[in-house]
Amino acid sequence: MHELYTALAEYYDAIYRRRAERVGEEIDFVEGLFKNEAERRVRKILDLACGTGIPTLELARRGYQVTGLDLHDEMLAVARRKAEMEGLSVGFIQGNALEIDFEEDFDAVTMFFSSIMYFDDSAIQQLFNSVKRALRPGGLFIADFPCWFYGGEDGPIVWDERKGDERLIITDWREVEPAFQKLRFKRLVQILKPDGSVRAFMVNDELNVYTPREMRLLAEKHFRRVKIYGDLHELRPNDRRYWLVAVK
Ligand code: SAH
């Protein structure tokens, strides 16, 4: 796909430090969904597009039996190393979320942090089908995604982070193409070392924008019961992040 998940995999957790710090709250919310929305007890979870395992490991810390799946070996290498350092037992598999071949193996399938935006209208239907097959009856599919005007600010968004003695400067240009509902995303990552040397990466990405209503209507074609939540609570006006919760 691109450097964010390959050459920059080691920097992913630093780039998204603020989100990583919020993961405890996210998983509190997700555990609430397991309790209130699932129609079976959740023990065994498949975390699709698990990346460096930020949510995957948090689920494992809380005692769930978790399998993480991701397209990129570089991301999985970081996830495996973190799991090993913490002594957590998590299965990590390299694979494409669209090609999973599980049959009623999991009580819940998750896909965190906007990863569902990688799937366009036809791929998302294929995704829903394979997720549904992987779930046991009464199991849950959970995926979070942002508001469509997430990209709508003027000018680039710039922030900086640290990784050891390296300093990162991240510059994002985000633009929503309104007719085909694509979020075009350009990111410059500059890595500055104390000796003054700089490495720079330019990342280009294209994601699919879904409104909460579109996501609900699409998921309703595949799941028995679908609900859209807002940002870690019931959907409220002006929520900017949504959680798809679908029951098999
Ligand atoms: N869910 C993680 C990572 C999100 S980053 C988190 O919450 O931190 C998005 C991830 O999606 C990347 O690691 C990328 O490799 C993965 N990805 C993109 N398309 C995929 C696909 N078709 N199948 C599996 N993983 C995919």
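Both counts, for ligands and for their atoms, begin at 1 and track the order of listing.
Ion pairing between a basic and an acidic side chain is recognised when a charged N comes within 4.0 Å of a carboxylate O; Glu10 and Arg81 show such pairing. One finds a salt bridge joining Asp107 and Arg136 here, because a Lys/Arg side-chain nitrogen approaches an Asp/Glu carboxylate oxygen to under 4.0 Å. Ionic pairing of Glu86 and Lys82 is not present here: no N-O contact between side-chain nitrogen and carboxylate oxygen is shorter than 4.0 angstrom. Salt-bridge check for Arg17 with Glu21: passed, with a basic side-chain N closer than 4.0 Å to an acidic carboxylate O.
Ligand 1 places these atoms under 4.0 Å from at least one heavy atom of Tyr12: 3 (C), 4 (C), 5 (S), 8 (O). Distances below 4.0 Å separate heavy atoms of Met75 from the following atoms of ligand 1: 13 (O). Interface atoms of ligand 1 facing Gly95, defined by a heavy-atom separation under 4.0 Å, are 23 (N), 24 (C). Every atom of ligand 1 is numbered from 1 in the order shown, and the set under 4.0 Å from a heavy atom of Tyr118 is 18 (C). Short contacts between ligand 1 and Asn96, defined as distances under 4.0 Å to a heavy atom of the residue, involve ligand atoms 21 (C), 22 (N), 23 (N).
Residue-to-ligand polar distances place Asp70 within reach of ligand 1: an N/O pair is separated by less than 3.5 Å. Of the N or O atoms in Leu71, one or more lie within a sub-3.5 Å distance of an N or O in ligand 1. Geometrically, ligand 1 and Leu48 share no nitrogen or oxygen pair separated by less than 3.5 Å. Ligand 1 has no N or O atom lying under 3.5 Å from any N or O atom of Tyr5, backbone or side chain.
Side-chain atoms of Asp205 and Tyr118 include a donor-acceptor pair closer than 3.5 Å. In this structure, a donor-acceptor pair under 3.5 Å is absent between the side chains of Glu74 and Tyr12.
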Report task. Kindly indicate, with the supporting measurements, whether the criterion side chain to side chain contact (heavy atoms under 4.5 Å, CB included) is fulfilled by Phe128 and Phe141. Result -> CA-CA 9 Å; Phe128 287 150; Phe141 177 49; 3.7 Å; yes

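Taking the six-membered ring where the residue is Trp, Phe113 and Tyr16 present perpendicular rings, their angle passing 60° and hence far from 30°.
Of the candidates Gly51, Gly68, Ala49, Ala123, the one placing a heavy atom closest to atom 1 (N) of ligand 1 is Ala49.
With a 4.0 Å cut-off on non-hydrogen atoms, Ser115 touches ligand 1 through its side chain and not its backbone. Using a 4.0 Å cut-off between heavy atoms, Met111 makes no contact with ligand 1 at all. By the criterion of a heavy-atom distance under 4.0 Å, the side chain of Pro55, and not its backbone, is placed next to ligand 1. Residue Cys50 touches ligand 1 through its backbone alone, judged by heavy-atom distances below 4.0 Å. Contact annotation for Tyr16 and ligand 1: no heavy atom of the residue comes within less than 4.0 Å of the ligand. Contact annotation for Phe112 and ligand 1: heavy atoms of both the backbone and the side chain come within less than 4.0 Å of the ligand.
A 6.0 Å sphere centred on CZ of Arg133 holds more than 12 heavy atoms belonging to other residues, nucleotides or ligands.
The aromatic ring centres of Tyr11 and Phe201 sit 6.0 Å or more apart.
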